[in-house]
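This structure is a prediction, so every number in the text was calculated from the model and none was measured.
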Amino acid sequence: MTRAFVFPGQGAQTIGMGKALAEAYPASQAVFDEVDEALGEKLSTLIWEGEIADLTLTQNAQPALMATSMAAMRALEAEGVSVTDATFVAGHSLGEYSALAAAGTLSIADTARLLRTRGQAMQSAVPVGQGAMAAILGLDLDAVRAVAEEAAQGEVCQAANDNDSTQVVVSGTKAAVERAAVIAKEKGAKRAVMLPVSAPFHCALMQPAADVMAEALAAVEFKAPAVPLVANVRAEAVSDPDLIRQLLVEQVTGSVRWRESVQYMAAQGVTETWEIGAGKALSGMIRKIDRTIAGKAVGTPDDVQNVVQAES
């Protein structure tokens, strides 16, 4: 069985995530300690005992989700499972950073600081209320691109996340995205849902954040990943550290090509994915993209035990 480890993005956060892992595995607790130290604050207290509204703030959600994914990864390692037991790593948006931390390209401390910077930069790139995102359900990527182009009318409106064959997310200025939601329904979309996000991610409006990240990423050491990364903006495997750094900058304004990434991994023989960290959203998307790929969620001590026992 050929396996890929995949890492969730924003929206998967919940209060209490990773706590059971930290209680069960000293190596998992050490991840949260390292993130707290890197950020100079007790992010772990917010993750485990805080308010969901505070955790959902982009600057908190991004390092928090990475910490939870890495806590799960360290638990797996404690049970004898290595990242090299996977053929590829991949992550959805911020999950790409978690994937790179798991593969040894970035240290946990550097990843936490980069994601804090990324979250702050993405939040401040567009004043609150001026941007928006909407999930278009029931139209394919080409149809949604046509909708976005028609809706733009001189403003920004782009296909931001190609999540699966039934869901494409558009991002841009609020008025343009609202127009896209109306046009999409006229073109046969089952639904068009405005998303509760604080900024219009993965579109041209994020260019100020991309500039910030170019500078931040240039200052951090990148090592070759232990296994190749299937990059969001390329939907193919990359291993060169300098190229990965460049693609992380492009990712801020570029589309998350998740559907194509999963199809690429399937074409390379992947038959199973382990979703490392919070939630099961990616597993649901993967099932819609390719039903021949078996998905397992690994976010609790029980999940870790289940996958390890299945291996033995």
Requested in this report: Check the pair K296, E275 against salt bridge (charged side-chain N to carboxylate O under 4.0 Å, His left out), reporting the backbone distance first and the verdict last.
Outcome: CA-CA 6 Å; K296 297 182 178 181; E275 184 169 359; over 6 Å; no

Query - Trace of the side-chain hydrogen bond (donor to acceptor under 3.5 Å, both in side chains) decision for T300 with D303 - result: CA-CA 5 Å; T300 68; D303 293 339; 3.2 Å; yes

Requested in this report: Determine, stepwise, if the pair Q62 / R118 fulfils side-chain hydrogen bond (donor to acceptor under 3.5 Å, both in side chains).
Outcome: CA-CA 8 Å; Q62 296 201 23; R118 184 177 184 266; 2.7 Å; yes

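Looking at I289, L282, D290 one by one, the single match for side chain to side chain contact (heavy atoms under 4.5 Å, CB included) with D164 turns out to be I289.
To the nearest 0.5 Å, the span separating SG on C203 from CG on N161 amounts to 10.5 Å. Rounded to the nearest 0.5 angstrom, R116 CZ and T111 OG1 are separated by 14.0 Å. For the atom pair E37 CD and L43 CG, the distance stands at 14.0 Å (nearest 0.5 Å). The CG atom of L205 sits 10.5 Å away from the OG1 atom of T253 when rounded to the nearest 0.5 Å. Atom CZ of residue F5 and atom CG of residue L229 lie 14.5 Å apart, to the nearest 0.5 angstrom. T105 contributes atom OG1, which lies 9.5 Å from atom CG of L248 (distance to the nearest 0.5 angstrom).
In the model, Q246 has no side-chain atom that pairs as donor or acceptor with a side-chain atom of D242 under 3.5 Å.
Remark: side-chain polar atoms of E96 are paired, donor with acceptor, to backbone N or O of N232 under 3.5 angstrom. Remark: the backbone N or O of V81 is not paired with any side-chain donor or acceptor of D85 at under 3.5 angstrom. The closest donor-acceptor contact from the side chain of S171 to the backbone of F201 lies under 3.5 Å.
When side chains are defined from C-beta on, W274 counts as touching R3, because their heavy atoms get closer than 4.5 Å. Side-chain contact between L217 and V249: present, with at least one pair of heavy atoms (C-beta onward) separated by less than 4.5 Å. The shortest distance between side-chain heavy atoms of N163 and R259 does not fall below 4.5 Å. Residues V304 and V308 are in side-chain contact: their nearest non-hydrogen atoms beyond the backbone lie under 4.5 Å apart. In this structure the side chain of I136 never reaches within 4.5 angstrom of the side chain of V169, judged on heavy atoms. Looking at heavy atoms from C-beta onward, V126 lies in side-chain contact with M206 at the 4.5 angstrom threshold. Between M213 and T117, the closest side-chain pair of non-hydrogen atoms falls below 4.5 Å. Taking 4.5 Å as the limit, some side-chain heavy atom of V35 sits within range of a side-chain heavy atom of M66.
Note on R257 versus D162: no salt bridge recorded, every NZ/NE/NH1/NH2 to OD/OE distance being 4.0 Å or above.
Clustering ILVMFWY residues whenever any of their side-chain heavy atoms sit less than 4.5 angstrom apart, transitively, puts V256 in a cluster other than the one holding L65.
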Kindly list each side-chain donor-acceptor pair under 3.5 angstrom involving residues 47-56, sequence neighbours excluded, with atom names and distances?
residue: W48; atom: NE1; partner: M17; partner atom: O; Å: 3.0
residue: T56; atom: OG1; partner: Q13; partner atom: NE2; Å: 3.4
residue: T56; atom: OG1; partner: I52; partner atom: O; Å: 2.8

Distance-only check: which donor-acceptor pairs under 3.5 Å involve side-chain atoms of residues 72-80, not counting sequence neighbours?
residue: R74; atom: NH1; partner: E77; partner atom: OE1; Å: 3.0
residue: R74; atom: NH1; partner: E77; partner atom: OE2; Å: 3.3
residue: E79; atom: OE2; partner: Y25; partner atom: OH; Å: 2.8
residue: E79; atom: OE2; partner: Q305; partner atom: NE2; Å: 2.8

Got a list of side-chain donor-acceptor pairs under 3.5 Å for residues 149-157, not counting sequence neighbours?
residue: E150; atom: OE1; partner: K187; partner atom: NZ; Å: 3.4
residue: E155; atom: OE1; partner: R179; partner atom: NH2; Å: 2.7

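Residue pairs meeting the side-chain hydrogen bond (donor to acceptor under 3.5 Å, both in side chains) criterion with at least one member in residues 191-202, sequence neighbours excluded, are T58-S198, S93-H202, Q123-S198. Screening residues 208-229 for side-chain hydrogen bond (donor to acceptor under 3.5 Å, both in side chains) gives Q207-D211 as the qualifying pairs, with residues at least two apart or on separate chains.
Other residues, nucleotides and ligands contribute over 12 non-hydrogen atoms within 6.0 Å of the CZ atom of R245.
Contacts of T273 classified as side chain to side chain contact (heavy atoms under 4.5 Å, CB included), with partners at least two apart in sequence or in another chain: A4, V6, V270, I286, I293.
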